[in-house]
Chemist: 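Below is one structure. I have some questions about it.
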Amino acid sequence: MSEEIKHSEDYSASNITVLEGLEAVRMRPAMYIGDVNERGLHHLVSEVVDNSIDEAMAGFCDTVDVTILEDNSICVEDNGRGIPVDMHEKEHRSALEVVMTVLHAGGKFNKNSYKVSGGLHGVGVSCVNALSDHMTAEVFRDGKIYRQEYSKGLPLYPVKEVGTTDKRGTKITFHPDATIFTVTEYKYDTLANRLRDLSYLNKGIKLNITDLRTTNEDGSHPGDKFFSANGLVDFINYLDMDGNREHLMPEPIYIEGTRNNIPIEIAMQYNTSFNERLHSYVNNINTHEGGTHLEGFRRGLTTTLKAYADKAGLLSKLKKDVEIEGNDFREGLTAVISVKVAEPQFEGQTKTKLGNNEVRGAVASAVSEMLENYLEEHPKEAKMIVDKVVLAATARQAARKAREMVQRGSVFNSAGLPGKLADCSDRDPAKCEIYFVEGDSAGGSAKSGRDRHFQAILPLRGKILNVEKAQRHRAFESEEIKNIYTALGVTIGTAEDSQALNMEKLRYHKVIVMTDADVDGSHIDTLMLTFFFRYMPELIENGYVYLATPPLYLVRKGKRNVYCWTEEERIQALMELNNGEEKGVHVQRYKGLGEMNPEQLWETTMDPENRQLRQVTIENAASADRVFSMLMGDDVPPRREFIEQNATYANIDA
């Protein structure tokens, strides 16, 4: 540990700035953490961990331990300086209590405390406190242990000294308030994936997670230790599944530097796939909607590669009528862009899009200079990249007619809609939903059983194209995919991105995939989700994509019918109807939607009052990218390993 890390005299109560109180958080929690469902629940952990990472970014911390306790409480402990506990001059109480109970209070507002910070708004830990029915803060500082407990954001007693220690740092333990959150059980994988990302984004920091809710056969508890010595280079290799995608160069291109006082770190690798995979971060926050740093990266990449290719005469293979576009330079590219900005401007507290204009030029400049040097020093790899770009441009030209056919079909009138589409009568997208149904038989039942006012049905003929292994023009030539675009009313291309989804005329705000509850149905679900993730991520980001959940069983005795979605529910139904005995009870296992008559399909799977829809969300874009490539790509061994590890306890298509 360095001398700089050991000293904490310059971090005291005077560094804590107060802006306002806490009252609004419990009244409108979604304004501060996004929602009160699963995503918001896990966001609480991120807010606390981000404080520890801020300490690490400032050079005062190198280890963060996250523990899921038996009651779904979370404990986060770091070895940083420890939150100041001395009296706050303005508030006349301990700085620890101020940080934990006052909104917009923290060292993030004092530039001398943190140069850059993910917890920009200072609402993090106080919001977590407000939304927890119990929280304990322990500070290890100057050889002493300080403690304060809270309930729903209110301190239960003043900060007190409770012992001595040779440790230093902060330990926060909190239990989410069940009266606020609709879900209170933490998912280990969600938390582990976030910590894994943080280890890549902050090389040299140890991030550990342990789950005390379960015990291994040897008496230990499940857990993971994340540490990356090479940062973003390791991240790229993880995303590309450690070489399971065929690379064009032996090692990722790595760019690191500072422009206009903005630290910039980028790693990128070209492979033989057809998808662009760009993941951007600002102060460790995943900006999945992009922003000026991503725009700068694209600009620097395109101009530099184009200039090099022109100078080296590598574009001679292009046909005269083919013009290279920016998207061609990014086909088959996996890249991670990470910038650290002292005063980032995000679109709202959810921090999904960066708005600082100065970052655009800084990133473009850094990419141009360092990429130009790389290309000059690696002519063989440079030629392979340009050849890939030429192939992409040629394929895009071939895709143009197919795409234009999609565009012409995507009109807001019945004449241009697919023949198999049974549309709804309402024209308000916010009230309308469309079911993509497996097969004509189930499609017929769905059409007969639906509410025609707001529910549309489009039967799918078999399994759609696996877009993970196909060039874009192949996708647009697919009849089923053209029908999906046309039915939804969406088009391709916006002012910012010629391949982005234009949702101005989207006709439905619920897009529901309804398939059989069997292996083929799960495969179709995965094919559809792969398509939405690669070609229409905006639908998922806006919360419009769902999976229908038909029942697995009908348990009947006499005139009583009980539908069951799980094996546990089937056993429970047998207990209720016949004391657990199957004799005298009819149990029907539904193998397909077509086995249900229209009334049953409506009652169990389509009626908003009774159905069970699973909303599709992207909790972690990098992990989702890797999983889709694993499940739908060419390499069998990693897919087999993933299924063996997950199929016994998880529905991998969800």
Side-chain angles (χ1 to χ4, degrees), residues 1-2 4-8 10-19 32-33 43-66 74-85 95-96 98-100 102-129 137-141 168-172 174 191 194-195 197-208 226 228 231 261-263 265 281-287 338-346 349 351 354:
M1 198 65 64
S2 69
E4 182 186 21
I5 289 181
K6 289 181 181 178
H7 292 294
S8 58
D10 58 339
Y11 183 46
S12 63
S14 62
N15 297 112
I16 305 303
T17 305
V18 180
L19 298 184
Y32 298 89
I33 60 168
H43 184 76
L44 296 184
V45 183
S46 293
E47 289 283 3
V48 181
V49 170
D50 285 350
N51 284 346
S52 298
I53 295 296
D54 288 340
E55 276 285 277
M57 289 166 60
F60 299 105
C61 165
D62 66 3
T63 303
V64 183
D65 293 306
V66 177
I74 297 290
C75 177
V76 178
E77 182 174 354
D78 65 46
N79 64 344
R81 292 170 290 179
I83 297 173
V85 294
L96 173 62
V98 173
V99 167
M100 302 301 294
V102 180
L103 193 64
H104 299 304
K108 314 298 164 52
F109 295 105
N110 187 309
K111 294 181 184 179
N112 295 323
S113 300
Y114 294 98
K115 297 299 182 185
V116 294
S117 164
L120 166 71
H121 300 288
V123 302
V125 73
S126 58
C127 267
V128 177
N129 194 5
E138 293 178 275
V139 174
F140 314 110
R141 189 177 168 101
R168 61 178 182 75
T170 303
K171 181 179 179 181
I172 303 293
F174 66 92
L191 298 180
R194 172 61 178 161
L195 294 182
D197 285 6
L198 287 172
S199 73
Y200 292 134
L201 293 163
N202 302 275
K203 57 187 174 185
I205 300 175
K206 295 186 283 279
L207 293 138
N208 308 315
F226 301 112
S228 173
N261 295 318
I262 301 170
E265 191 178 4
Y281 297 83
V282 176
N283 302 356
N284 298 317
I285 299 162
N286 182 202
T287 46
S338 177
V339 299
K340 304 292 172 62
V341 182
E343 295 186 16
Q345 299 164 12
F346 294 102
Q349 165 66 7
K351 309 169 185 173
L354 183 67

Chemist: Could you give me the CA-CA distance, side-chain angles and deciding distance for D50 and R194, then say whether side-chain contact (heavy atoms from CB on, under 4.5 Å) is met?
Modeler: CA-CA 11 Å; D50 285 350; R194 172 61 178 161; 3.2 Å; yes
Chemist: Evaluate the criterion side-chain contact (heavy atoms from CB on, under 4.5 Å) for residue pair V48 and F174; output intermediate values, then yes/no.
Modeler: CA-CA 10 Å; V48 181; F174 66 92; 3.9 Å; yes
Chemist: Can you give me the closest heavy-atom contact between Y32 and H43, atom names plus distance?
Modeler: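 In this case the closest contact between Y32 and H43 is O-NE2, 4.5 Å.
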Chemist: If the condition is salt bridge (Lys or Arg N to Asp or Glu O under 4.0 Å), which residues does E265 pass it with, not counting sequence neighbours?
Modeler: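 For E265 there are no salt bridge (Lys or Arg N to Asp or Glu O under 4.0 Å) partners, ignoring immediate neighbours.
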Chemist: Looking at every non-hydrogen atom in both residues, tell me the closest pair between L354 and P344 and how far apart they are.
Modeler: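 So the two residues come closest at CD1-CB, 4.0 Å.
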Chemist: Without swapping roles, check the side chain of R141 against the backbone of R81 for a donor-acceptor pair under 3.5 Å.
Modeler: yes
Chemist: With sequence neighbours left out, write down each residue that passes side chain to side chain donor-acceptor pair (under 3.5 Å) with S52, or none if nothing qualifies.
Modeler: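 Result, side chain to side chain donor-acceptor pair (under 3.5 Å) vs S52: D78.
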Chemist: Can you find a heavy atom in the side chain of L44 that is under 4.5 Å from one in the side chain of I74?
Modeler: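 Not in contact.
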Chemist: With N202, which residues qualify under side-chain contact (heavy atoms from CB on, under 4.5 Å), at least two apart?
Modeler: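 Residues passing side-chain contact (heavy atoms from CB on, under 4.5 Å) with N202: I53, M57, L198, I205, N284, K340.
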Chemist: Tell me, do K171 and C75 make a side-chain contact under 4.5 Å, heavy atoms counted?
Modeler: yes
Chemist: Just wondering, do V66 and N208 contact through their side chains at under 4.5 Å, heavy atoms?
Modeler: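 Contact flag for N208/V66 side chains = no.
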Chemist: Could you check whether any side-chain heavy atom of V76 comes within less than 4.5 Å of a side-chain heavy atom of N51, counting everything from C-beta outward?
Modeler: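 Side-chain contact under 4.5 Å: no.
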Chemist: With side chains defined as the heavy atoms from C-beta onward, is the minimum distance between V49 and L195 less than 4.5 Å?
Modeler: yes
Chemist: Would you please name every residue forming a side chain to side chain donor-acceptor pair (under 3.5 Å) with K206, sequence neighbours left out?
Modeler: none
Chemist: Please step through side-chain contact (heavy atoms from CB on, under 4.5 Å) for the pair N79 and D62, ending with a clear verdict.
Modeler: CA-CA 7 Å; N79 64 344; D62 66 3; 2.7 Å; yes
Chemist: Just jot down the ring-ring contact (aromatic ring centres under 6.0 Å, His included) partners of Y200, sequence neighbours excluded, or say none.
Modeler: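 By the ring-ring contact (aromatic ring centres under 6.0 Å, His included) rule, Y200 matches F235, Y238.
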